[in-house]
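A quick note: this is a predicted structure, and the numbers were derived from the prediction, not measured.
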Amino acid sequence: MFTRMTMFRGSPDRIEEGVRVYRDQVIPWLRDATGFRGWVVLLDRENEKAIGLTFWATEQAALDGESSGGVLRDEVAASVGATLESLELYEVHAVESLQLDEAG
């Protein structure tokens, strides 16, 4: 499995709006994409930074910007005024299941 890590900068409120749009509009589309396995968003309010992780079955699926929603990600970020600062690809080496409560 591979993960694409994308770092954004912007106001926390605008980033939260981008996450909402991404969850509501992009994730349903990604679920139909070949190789999509899930996603996680990390938000650092104090430093106005967010990291998005999308998980993919193969390196090829993660690198295919069109099929993996890269264009849509960029459009959502631009629409909320977030700046894409970096984009990196990692092989997932280990995973432990997480369970979030209602607060996050």
Side-chain angles (χ1 to χ4, degrees):
M1 183 182 315
F2 287 81
T3 187
R4 192 169 58 208
M5 182 185 82
T6 310
M7 185 185 308
F8 298 94
R9 287 233 181 242
S11 78
D13 291 342
R14 300 301 292 160
I15 289 174
E16 284 182 338
E17 174 63 13
V19 169
R20 185 194 63 74
V21 170
Y22 195 81
R23 180 184 57 239
D24 294 348
Q25 297 179 18
V26 179
I27 291 299
W29 180 84
L30 283 178
R31 285 191 179 113
D32 292 335
T34 301
F36 177 72
R37 295 296 181 255
W39 70 304
V40 174
V41 176
L42 310 172
L43 179 58
D44 177 350
R45 291 177 181 284
E46 185 176 324
N47 294 303
E48 296 190 337
K49 181 170 56 173
I51 296 173
L53 302 169
T54 52
F55 296 91
W56 303 91
T58 66
E59 183 176 16
Q60 180 181 355
L63 290 172
D64 187 343
E66 187 173 321
S67 296
S68 66
V71 172
L72 296 172
R73 175 206 57 228
D74 296 346
E75 288 175 5
V76 171
S79 75
V80 299
T83 303
L84 190 150
E85 288 205 337
S86 66
L87 178 66
E88 300 176 20
L89 184 69
Y90 293 91
E91 183 176 359
V92 176
H93 184 72
V95 175
E96 177 65 33
S97 179
L98 301 174
Q99 188 160 8
L100 299 177
D101 61 17
E102 291 293 321

Query raised in the report: Is there a salt bridge (Lys or Arg N to Asp or Glu O under 4.0 Å) between Arg14 and Glu17 once you walk through the steps?
Result: CA-CA 5 Å; Arg14 300 301 292 160; Glu17 174 63 13; over 6 Å; no
Query raised in the report: Which atom pair, heavy atoms only, marks the closest approach of Phe2 to Thr58?
Result: CD1-C, 3.6 Å
Report task. Looking only at non-hydrogen atoms, find the nearest pair between Leu87 and Thr6 and report the distance. Result -> CD1-OG1, 3.1 Å
Query - Donor-acceptor contact below 3.5 Å, side chain Arg4 vs main chain Ala62 - result: yes
Requested in this report: Can you measure from CZ (Phe8) to NZ (Lys49) and round to the nearest 0.5 angstrom?
Outcome: 13.5 Å
Query raised in the report: Should Met7 and Tyr90 be counted in the same cluster of Ile, Leu, Val, Met, Phe, Trp and Tyr side chains packed under 4.5 Å apart?
Result: yes
Report task. Starting from the C-alpha separation in whole Å, work towards a yes-or-no answer on side chain to side chain contact (heavy atoms under 4.5 Å, CB included) for Leu30 and Tyr22. Result -> CA-CA 10 Å; Leu30 283 178; Tyr22 195 81; 3.4 Å; yes
Query raised in the report: Does Ile51 share a hydrophobic cluster with Val40, counting links as ILVMFWY side-chain heavy atoms below 4.5 Å and allowing steps through other members?
Result: yes
Query raised in the report: Roughly how far, to the nearest 0.5 Å, is the OG1 atom of Thr3 from the CD atom of Glu91?
Result: 11.5 Å
Query raised in the report: Where do Ala50 and Ile15 come nearest, in terms of heavy atoms and distance?
Result: CB-CG2, 3.6 Å
Query raised in the report: Under a single-linkage definition using a 4.5 Å side-chain heavy-atom cutoff for Ile, Leu, Val, Met, Phe, Trp and Tyr, are Val41 and Val21 assigned to the same hydrophobic cluster?
Result: yes
**Report entry** Ala61 versus Gly35, closest heavy-atom pair with distance
**Finding:** CB-CA, 4.2 Å
Report task. State whether the number of non-hydrogen atoms from other residues, nucleotides or ligands found under 6.0 Å of Gln60 atom CD is greater than 12. Result -> no
Requested in this report: Start with the C-alpha gap between Glu46 and Asp44, add the side-chain angles, then the distance that decides, and say whether side chain to side chain contact (heavy atoms under 4.5 Å, CB included) holds.
Outcome: CA-CA 6 Å; Glu46 185 176 324; Asp44 177 350; 3.8 Å; yes
Query raised in the report: Do the non-hydrogen side-chain atoms of Arg73 and Val26 ever get within less than 4.5 Å of each other?
Result: no
Query raised in the report: For the hydrophobic clusters of this structure (ILVMFWY residues joined by side-chain heavy atoms under 4.5 Å, transitively), does one cluster hold both Trp39 and Trp56?
Result: yes
Requested in this report: List the atom of Arg23, the atom of Pro28, and the distance in Å for their closest heavy-atom pair.
Outcome: O-CD, 3.3 Å
Query raised in the report: Can Phe36 be reached from Trp29 by stepping across I, L, V, M, F, W or Y side chains whose heavy atoms are under 4.5 Å apart?
Result: yes
Report summary line: In short, Gly18 meets Val76 closest at the heavy-atom pair O-CG1, 3.4 Å
